Amino acid sequence: MYRTHTCGELRAQHTNTTVTLAGWVQTIRKFGSITFTDLRDRYGITQLLFNEALNARLDAQPLGREYVIQVTGKVVERSNKNAKIPTGDIEIEVTDFTIINVAATPPFTIEEETDGGDELRMKYRYLDLRRPTLRRNMELRYKVNRSVRNYLDSQGFWDIETPFLIRSTPEGARDFVVPSRMNEGQYYALPQSPQTFKQLLMVSGYDRYYQIVKCFRDEDLRADRQPEFTQVDCEMSFVEQEDILNTFEGLFKHVFYDVKGVSITEAFPRMTWDDAMWHYGNDKPDIRFEMKIANLKTPVGGTSFDFGGGKEGVVFPVFANAESVLAISVPGCSEYTRKQVDELTEWVKRPQIGMSGLVYIRINADGSCKSSVDKFFDEVKLKEIATACHASPGDLILLLAGAETRTRKAMSELRLEMGNRLGLRNPDVYKPLWVIDFPLLEHDEEANRWVARHHPFTSPKPEHIEWMNDLSKYADIKANAYDIVLNGTEIGGGSIRIFRRDLQEKMFAALGMSKEEAQDKFGFLMGAFEYGAPPHGGIAFGFDRLCALLGGQESIRDYIAFPKNNSGRDVMLDAPSGIDDNQKKELGLN
Ligand code: ASP
């Protein structure tokens, strides 16, 4: 028997028991003729005390960091207790030990905080995973997985596997392809998601399907994405949007409570895509704080604020010439110093934000205004602007002007930045939100064509189907599509699907696909729709991101046991790699 207890288990009540532990040597501290060692395993750390009697043996068989050892000894109460660890009341007075395996000196410290850089940690990921930080993340991931499964099982969902070697499933990214040896010159694609399969399972009558499944997308790895990632993928039949939102709101509430002990009793708020863009400038608003955008001037909807008739009739050309003028009122920041405002101006000028300047108006405690555009606007006008921005005394109004899309995006970023600076984005506060009524289509300016906003299987709102015959209406067609957003991060999305052949054909046509191409690529799905397809819809969540959010961290990488780096490489395996000539020949690759 290797051990009687784990390294996280012993407490004061075990005093005087003889135990055997096994694990890794984390630290060795020699004090004269006695040696203290911390022994680590997945469960925790236990302090070992090697006293004088073992000196000779330790000299002959010295211990080293990360050696795997087995020790037997007596549990004794520590005189110097350590309240920071659960086993901190006791230590083991070692009577016997065995070195089971030696270890080379690890390339970085294997403790809570490490001195190893990212690449080094990835190269020796098996050592990195020994660190308590990552160990906790893996445990959390496992718990979220278990919690999701328990909930879905309780709701009658079946876990059904779908294949990895398939034909393309469009989710808006490039496919990873796998050459076929048996069918020379032909290729499989790895699924970007199980989308078409889960729909086929609905045609088979298996309503309530789920899978915690790998998806593969060959995208340029923008911040914190992985070429292979995990989704909780679900589909249901005989449902409307409302049923799906309710079922999965239930899932989130269950997981939050189960994993974090956070009980969310109220219904998740819902916001239309139009409102999200209008008030927050993006489709995944962080609603932990207000600071809504004031749409003073925009080419879309609403009336525009009259900036004219300012000081002695002068016009402020920046506002007069801009397509859009947007503002936020930042509470309690009217006393920002000149330096702070200059720094914010530099911030909006960064290439990632791309604005050419920032206008501010301070609303002093007495209600008077002071602005960077005092030359152009008198106090009366400034107060009118302040009213239009719903600003209160003590606020600092920040205004951006420029082309609509860029300005809206920049204002959305600025709002989040101010939220950060004011500490309004507390990771321990969870504010979920459904964003609904997404547009069905989106114009791809570069390719100059319409693409599916979600994916081509998403159904338009029934009352908008007719607009699919009118190109000028494309931008207005809304879909029964929804996203779940948590604290400003999209963690999942889905839609009610098309389940009739004629409508699916219409959708492919809207996307500029010929009948032949649609038949070639998706004939199997449209064919299935001819054999009694039920109405259906579903959703998928990014599992890695959900875990990171529940762990209160930004990076998904530290919640994946063996992730890829920013260039999509596995630095431990050194993959991707070349293959030898024979293999190439077999695959018909030259
Ligand atoms: N397949 C979709 C996705 O991966 C989710 C869904 O529509 O259910 O985003």
Side-chain angles (χ1 to χ4, degrees), residues 24 40 42 64-68 101-139 141-142 163-166 168 171 173-182 184-193 212-231 542-545 547-548 551 553-590:
W24 287 261
R40 169 185 8 90
R42 196 190 97 186
R65 274 167 62 200
E66 300 307 313
Y67 277 31
V68 181
N101 211 344
V102 296
T105 307
F108 48 83
T109 42
I110 301 181
E111 291 184 35
E112 198 77 48
E113 300 291 336
T114 179
D115 54 358
D118 244 19
E119 285 290 287
L120 201 60
R121 293 204 291 122
M122 292 302 152
K123 180 155 184 209
Y124 297 93
R125 188 61 164 176
Y126 46 89
L127 296 180
D128 200 22
L129 286 166
R130 283 184 195 165
R131 293 170 50 227
T133 337
L134 285 199
R135 203 258 302 130
R136 276 195 302 273
N137 293 357
M138 291 305 122
E139 184 178 17
R141 185 179 173 106
Y142 164 68
F164 279 173
L165 297 176
I166 64 163
S168 181
E171 295 279 359
R174 256 179 240 110
D175 288 322
F176 280 103
V177 294
V178 180
S180 162
R181 179 186 57 81
M182 286 193 284
E184 213 185 289
Q186 294 190 311
Y187 302 82
Y188 299 102
L190 298 181
Q192 293 184 33
S193 87
I212 299 185
V213 65
K214 275 286 171 76
C215 299
F216 306 86
R217 297 185 190 178
D218 189 2
E219 298 177 284
D220 293 331
L221 299 181
R222 281 180 280 134
D224 210 31
R225 293 246 185 126
Q226 288 281 311
E228 52 175 309
F229 61 95
T230 305
Q231 270 190 351
F543 185 67
D544 311 297
R545 167 97 347 122
C547 292
Q553 284 176 37
E554 299 253 307
S555 157
I556 63 170
R557 246 202 261 172
D558 282 342
Y559 289 82
I560 298 172
F562 297 102
K564 309 269 187 288
N565 75 2
N566 281 344
S567 338
R569 295 197 71 81
D570 183 320
V571 287
M572 184 179 69
L573 303 179
D574 198 17
S577 65
I579 54 173
D580 66 36
D581 289 343
N582 271 341
Q583 218 173 350
K584 276 190 197 153
K585 211 147 114 210
E586 265 184 348
L587 293 168
L589 300 172
N590 280 311

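No experiment lies behind these values; they were computed from the predicted model shown. When reading the values below, keep in mind they use all heavy atoms of this one structure, side chains included, and skip hydrogens, waters and symmetry mates.
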Any side-chain to backbone donor/acceptor pair from [X] onto [Y]? Under 3.5 Å, distance only.
| X | Y | value |
| --- | --- | --- |
| T109 | E111 | no |
| D218 | F176 | no |
| Q231 | S193 | no |
| R141 | Y559 | yes |

Side-chain contact test, heavy atoms from C-beta onward, threshold under 4.5 Å: evaluate it for [X] versus [Y] and give yes or no.
| X | Y | result |
| --- | --- | --- |
| P191 | F216 | yes |
| D544 | Q226 | no |
| F543 | V213 | no |
| I579 | E586 | no |
| R545 | F229 | no |

Taking all heavy atoms of [X] and all of [Y], pick out the closest pair and write down the distance.
| X | Y | value |
| --- | --- | --- |
| S180 | Y188 | CB-CE1, 3.9 Å |
| P106 | I110 | CB-CD1, 3.9 Å |
| T114 | R121 | CG2-CD, 3.8 Å |
| L127 | F108 | CB-CZ, 4.0 Å |
| Y124 | P107 | CD1-CG, 3.4 Å |
| P576 | G568 | CD-O, 4.0 Å |

[X] side, atom [atom1]; [Y] side, atom [atom2] - distance, nearest 0.5 Å:
| X | Y | atom1 | atom2 | value |
| --- | --- | --- | --- | --- |
| L587 | N582 | CG | CG | 10.5 Å |
| D175 | L190 | CG | CG | 8.0 Å |
| R42 | W24 | CZ | CH2 | 10.5 Å |
| C547 | E139 | SG | CD | 12.5 Å |
| D574 | M572 | CG | CE | 11.0 Å |
| N137 | I556 | CG | CD1 | 12.5 Å |

So which of R130, R135, R131 actually passes side chain to side chain contact (heavy atoms under 4.5 Å, CB included) with R40?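 Of the listed residues R130, R135, R131, the side chain to side chain contact (heavy atoms under 4.5 Å, CB included) partner of R40 is R130.
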Crowding at [atom1], [X] (>12 non-hydrogen neighbours, <6.0 Å):
| X | atom1 | value |
| --- | --- | --- |
| D580 | CG | yes |
| E219 | CD | yes |
| E112 | CD | yes |

Salt bridge check: are R569 and E119 linked by an N-O gap of less than 4.0 Å?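 Salt bridge: no.
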So if I apply the salt bridge (charged side-chain N to carboxylate O under 4.0 Å, His left out) rule between D118 and each of R557, K564, R125, K123, which one comes out positive?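 Option passing the salt bridge (charged side-chain N to carboxylate O under 4.0 Å, His left out) with D118: R557.
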